[in-house]
Amino acid sequence: MDWKTDWGLRGRMAFTMFLLFALYVVFVGALTVYFGDFLFPLVMLGGFSVAQYFFSDKLALRSMGAREVDPDEYPDLHRRVERLSQQADLPKPTVAVANTQVPNAFATGRNKKNATVAVTTGLLESLDEDELDGVLAHELAHVKNRDVMVMTIASFLSTIAFFIVRWGWLLGGDNRQGAPVIVAILVSLVVWVVSFLLIRALSRYREYSADRGAALITGKPGALASALMTIDGRMDKVPKEDLREEAEMNAFFIIPIKAGFVGKVASTHPSTERRIEKLRDLEKEMETA
């Protein structure tokens, strides 16, 4: 496999991490004003960050109702992941399955050696062999590109900031009235909006990069394009209640769920049509190479 580093993605991830670090500094400063103590918000955010780093994969799987499965339960799935991992020059990730009819997949984990690729039963029932390989290769490309952790950190900061915006007035004790609480909530609102926009911008680009990576791993861009069409079509047949339950994982899914807050305000993914168009162009390039 002639894997080429996507410097556009690397640059965007580095810029995003720089901005997130700046946001952390501002956020800690605002919470210091709010709580009247520098150490408490620093320890609180530091503790949450460490927990997020080491347990983000477990939290993501739990939020989706996914569980790790062994080769005896899903032998074909394990064989595919192992073969594609070898083609991608990656350690074989943990394999997980979520029992839901929503056809989707996602990758999680803090690095290549601690990665998990998860699929839903709805996805396994919807795709043929080549299409499934394309989706699994897409998720492995996310792992190889190391973009999963950046997205996890961005999502974490956004979640904490939104929590302060919504419930901060209940947590300040004697500081519930006056300027400190207003300053903290306003700064948290800015942090939430900025981190949300960062997630949106980075996520859209990283999907294109993972699509290209999947095409390199499998050598079949058309298979992934076909899988995207199949998944997008199946989404319309899933009950809206089920879609809303899963919408919080939108930034990590291979196809976004067009329901809930994120789906209505801003998509974390390029349009399926645009992704398929790029894959078809890549297919023509590979045929003529």
Side-chain angles (χ1 to χ4, degrees), residues 56-67 77 81 93-109 115-127 131-143 145 147-156 158-159 196 199-211 213-214 224-276 279:
S56 60
D57 53 343
K58 300 293 189 298
L59 294 173
L61 294 177
R62 179 170 295 183
S63 70
M64 272 296 297
R67 63 182 181 86
L77 179 59
V81 172
T94 301
V95 179
V97 175
N99 186 21
T100 171
Q101 289 305 302
V102 178
N104 235 311
F106 65 95
T108 185
T116 299
V117 170
V119 299
T120 66
T121 52
L123 183 84
L124 296 176
E125 295 167 0
S126 303
L127 305 183
E131 290 173 341
L132 181 56
D133 278 354
V135 170
L136 293 173
H138 174 97
E139 300 308 329
L140 290 172
H142 279 310
V143 175
N145 286 333
D147 60 42
V148 177
M149 180 47 60
V150 176
M151 292 297 298
T152 300
I153 293 173
S155 300
F156 161 73
S158 178
T159 300
F196 176 81
I199 292 171
R200 179 173 177 261
L202 179 60
S203 183
R204 290 172 67 88
Y205 186 89
R206 82 182 191 120
E207 291 304 320
Y208 284 134
S209 184
D211 286 347
L224 178 57
S226 177
L228 294 177
M229 286 190 290
T230 299
I231 298 170
D232 202 37
R234 278 289 308 277
M235 285 291 190
D236 295 334
K237 301 178 181 179
V238 178
K240 296 300 181 183
E241 292 77 12
D242 294 341
L243 293 177
R244 283 195 290 269
E245 289 176 2
E246 317 297 353
E248 65 183 35
M249 286 290 293
N250 250 359
F252 297 92
F253 282 148
I254 187 171
I255 286 281
I257 292 173
K258 299 178 181 69
F261 177 76
V262 175
K264 292 178 181 178
V265 175
S267 175
T268 55
H269 291 55
S271 69
T272 303
E273 292 78 11
R274 182 59 177 155
R275 291 172 67 186
I276 291 172
L279 285 166

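Start at 1 with the first residue, then count along the sequence.
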(message) Contact between Met64 and Phe106 at the side-chain level, heavy atoms closer than 4.5 Å - yes or no?
(response) yes
(request) Begin from the C-alpha positions of Leu224 and Glu131 and carry the test side chain to side chain contact (heavy atoms under 4.5 Å, CB included) through to its verdict. (result) CA-CA 6 Å; Leu224 178 57; Glu131 290 173 341; over 6 Å; no
(request) Please step through side chain to side chain contact (heavy atoms under 4.5 Å, CB included) for the pair Leu202 and Asp147, ending with a clear verdict. (result) CA-CA 9 Å; Leu202 179 60; Asp147 60 42; 5.8 Å; no
(request) Return yes if some donor-acceptor pair links the side-chain N/O of Glu139 with the main-chain N/O of Ala107 below 3.5 Å, else return no. (result) yes
(request) Answer yes or no: is there a side-chain heavy-atom contact under 4.5 Å between Leu140 and Pro93? (result) yes
(message) Testing the basics here: between Val95 and Leu77, what is the closest heavy-atom pair and its distance to 0.1 Å?
(response) CG1-CD2, 3.5 Å
(message) Checking Thr121 now: which residues fulfil side-chain contact (heavy atoms from CB on, under 4.5 Å) with it, not counting sequence neighbours?
(response) Tyr74, Val97, Asn99, Gln101, Glu125
(request) Would you give the length of the straight line joining atom CG of Leu123 to atom CG of Asn104, rounded to the nearest 0.5 angstrom? (result) 7.0 Å
(request) Measure across Met149 and Gly109 and return the closest heavy-atom pair with its distance rounded to 0.1 Å. (result) CE-O, 4.1 Å
(request) Check Ser126 against Thr230 and note the closest heavy-atom contact, atom names and distance. (result) O-CG2, 3.7 Å
(message) With side-chain contact (heavy atoms from CB on, under 4.5 Å) as the test, pick out the partner of His269 among Arg200, Arg206, Glu207.
(response) Glu207
(request) Identify the heavy atoms of Ala214 and Gly134 that sit nearest to each other, and give their distance. (result) CB-O, 3.8 Å
(message) Using 0.5 Å steps for rounding, measure from the CG atom of Leu228 to the CD1 atom of Ile276.
(response) 5.5 Å
(request) Could you pull out the closest heavy-atom pair between Arg274 and Tyr208, with the gap in Å? (result) CG-OH, 2.8 Å
(message) Taking the side chain as everything from C-beta on, heavy atoms only, tell me whether Thr116 gets closer than 4.5 Å to Leu61.
(response) yes
(request) Determine the minimum heavy-atom distance between Thr120 and Pro103, stating which atoms define it. (result) OG1-CA, 3.6 Å
(request) Sequence neighbours left out, what passes salt bridge (charged side-chain N to carboxylate O under 4.0 Å, His left out) with Arg62? Give chain and number order. (result) none
(request) Run the numbers on Asn145 and Ser209 for side chain to side chain donor-acceptor pair (under 3.5 Å), then give the verdict. (result) CA-CA 8 Å; Asn145 286 333; Ser209 184; 3.2 Å; yes
(request) To the nearest 0.5 angstrom, please state how far the CD1 atom of Ile231 sits from the CD1 atom of Ile254. (result) 5.0 Å
(message) Rounded to the nearest 0.5 Å, what separates atom CG in Leu127 from atom CZ in Arg234?
(response) 9.0 Å
